[in-house]
Amino acid sequence: MLTDEEIELSVLLKAVYLKYGYDFREYSYDSLLRRVRLRCKRWQCESISSLIPLVIYSEDKFRQLLHDLTIPVTSMFRDPEYFKALVDNVFPVLKTYPKINIWHAGCASGEEVYSLVFLLNDYGLYDRASIYATDINQQQLDQARRGRLDVSAEDAKQAYHRAGGISTLERYVQVIDRGVEVLQPFTENIYFCKHDLTTDNHFGQMELIICRNVLIYFDQELKKNVINLFSNALYEGGFLFLGKDDALVMPEFENNFSSFDGKFRIYKRSF
Ligand SMILES: C[S@@+](CC[C@H](N)C(=O)[O-])C[C@H]1O[C@@H](n2cnc3c(N)ncnc32)[C@H](O)[C@@H]1O
């Protein structure tokens with residue numbers, strides 16, 4: 001039985017879907033409820049249902065709500081030891097391929113994508129890589145494409161080395177007023193495009209898919225559908241790299257994936 005507040009939330013999500021095509025109806029309710037309550041407070045709305053006319057009649061207000069619901073929190077070399085596991089265990093396999101297609105799903109404002117690019121370059125893999133970086137949030141993608149990252153250069157430097165970086169961060173970025181700017185050759189093999197994991201299909205076959213700290217916001221059914229999407233988008237033997245809290249629970253997924261390095265959330269598409 002749903003509470004009154006949950007019913008109001010369902011109506012809001014349906015309205016957002018009908019008006020703008022974004023489908024949050026299978027996201028985890030607890031997390032959605034927390035964020036929508038906060039938005040109510042900020043706009044001094046008494047109930048969730050009073051948000052409906054605001055976001056339906058104002059695209060600008062909808063953008064603000066979208067920002068809340070998509071949680072665009074990210075950082076460079078997030079959980080560096082996880083990247084180190086990718087470098088140590090997956091890069092040697094990728095090195096045996098002449099071309100590497102990588103899908104970075106839910107890339108937010110790009111910090112993680114550029115982190116990967118710098119590491120690929122350190123290990124001689126960047127020139128053969130094509131990186132498809134996607135997100136549901138166009139504003140985040142526009143920011144990512146500019147290659148200006150709002151990070152502390154000092155923190156990024158430390159994380160880069162902990163993640164297995166063997167050159168210097170200065171090789172890749174220039175320090176600017178509020179963060180760092182990625183140098184030109186390292187923005188070239190990345191294609192940023194809008195893609196919604198809840199509604200869009202996969203495109204092309206990949207050797208590696210990275211999707212970190214996105215699935216945690218989905219309910220079980222949606223998570224299952226997205227893992228299936230990834231399974232279809234990977235070559236047999238391809239790798240799926242998830243976030244710290246995104247473990248694949250076996251045996252549910254064992255027809256499609258085996259654990260390659262379970263501790264660091266790296267899975268391999270079954271043959
Ligand atoms: C918490 S951030 C994680 C960013 C980055 N992967 C990281 O781990 O630092 C979640 C990202 O997932 C994106 N996202 C949420 N729902 C999505 C969907 N249905 N399709 C594609 N991206 C989505 C959000 O816009 C946001 O940029």
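In what follows, residues are counted from 1 in the order of the sequence shown. Remember, it's 1-based here, ligands and their atoms both numbered in the order they're listed.
Proximity to Thr198 (heavy-atom distance under 4.0 Å) selects the following atoms of ligand 1: 19 (N). Which parts of ligand 1 touch Asn213 is read off a 4.0 Å heavy-atom cut-off, strictly below it: atoms 1 (C), 2 (S), 3 (C), 7 (C), 8 (O), 10 (C). Applying the 4.0 Å criterion to heavy atoms of Ala108 picks out, from ligand 1, the atoms 4 (C), 27 (O). Listed by number with element, the atoms of ligand 1 under 4.0 angstrom from any heavy atom of Val73 are 1 (C), 2 (S), 3 (C), 4 (C), 9 (O).
Ion pairing of Arg78 with Glu112 is absent here, as no side-chain N (NZ or NE/NH1/NH2) approaches a carboxylate O to less than 4.0 Å. Under 4.0 Å is where a charged nitrogen must lie from a carboxylate oxygen, and between Glu181 and Arg146 no such pair does.
Remark: minimum distance from atom 25 (O) of ligand 1 to any protein heavy atom is reached at Asp135 OD1, 2.6 Å. The protein heavy atom nearest to atom 21 (C) of ligand 1 is His195 O, 3.3 Å. Counting protein heavy atoms only, atom 16 (N) of ligand 1 is closest to Tyr27 OH, 2.7 Å. Nearest protein heavy-atom contact of atom 23 (C) of ligand 1 is Ile136 CG2, 3.5 Å. Nearest protein heavy-atom neighbour of atom 24 (C) of ligand 1: Thr70 O, 3.1 Å. At the shortest separation from atom 12 (O) of ligand 1 among protein heavy atoms lies Val214 CG2, 3.5 Å. Nearest non-hydrogen protein atom to atom 7 (C) of ligand 1 is Arg78 NH1, 3.1 Å. The protein heavy atom nearest to atom 2 (S) of ligand 1 is Ile71 O, 3.2 Å.
Under the 4.5 Å side-chain criterion, counting only non-hydrogen atoms from C-beta, Arg265 is in contact with Tyr82. Counting heavy atoms from C-beta outward, Ile176 and Arg148 have side chains that approach closer than 4.5 Å. Looking at Asn228 and Phe253, their side chains never come closer than 4.5 Å, going by heavy atoms from C-beta outward.
At a 4.0 Å cut-off, not a single heavy atom of His104 sits close enough to ligand 1 to count as contact.
Not less than 6.0 angstrom separates the ring centroid of Phe24 from the ring centroid of Tyr17.
Residues in residues 132-152 take part in these ring-ring contact (aromatic ring centres under 6.0 Å, His included) pairs, two or more places apart or across chains: Tyr132-Tyr191, Tyr132-Phe203.
At under 3.5 Å, a nitrogen or oxygen of Leu197, whether backbone or side chain, sits near a nitrogen or oxygen of ligand 1. The distance criterion of under 3.5 Å between nitrogen or oxygen atoms is met by Thr74 with respect to ligand 1. Residue contacts with ligand 1: Gly106 is placed with a nitrogen or oxygen under 3.5 Å of a nitrogen or oxygen of the ligand (distance criterion only).
For the pair Arg269 and Tyr235, the NZ or CZ position fails the cation-pi test of under 6.0 Å to the six-membered ring centre and within 45 degrees of the ring normal.
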| task | Apply side chain to side chain contact (heavy atoms under 4.5 Å, CB included) to Asn121 and Phe186, showing your working. | result | CA-CA 9 Å; Asn121 192 68; Phe186 305 107; 3.5 Å; yes

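Ring geometry, Phe77 versus Phe83: the interplanar angle exceeds 60°, so the pair is classed perpendicular (tilted spans 30 to 60°).
When heavy-atom distances to ligand 1 are checked against a 4.0 Å cut-off, Arg212 comes that close through both its backbone and its side chain.
Applying the salt bridge (Lys or Arg N to Asp or Glu O under 4.0 Å) rule to Arg63 yields the partners Glu59; only residues at least two apart in sequence or on another chain are considered.
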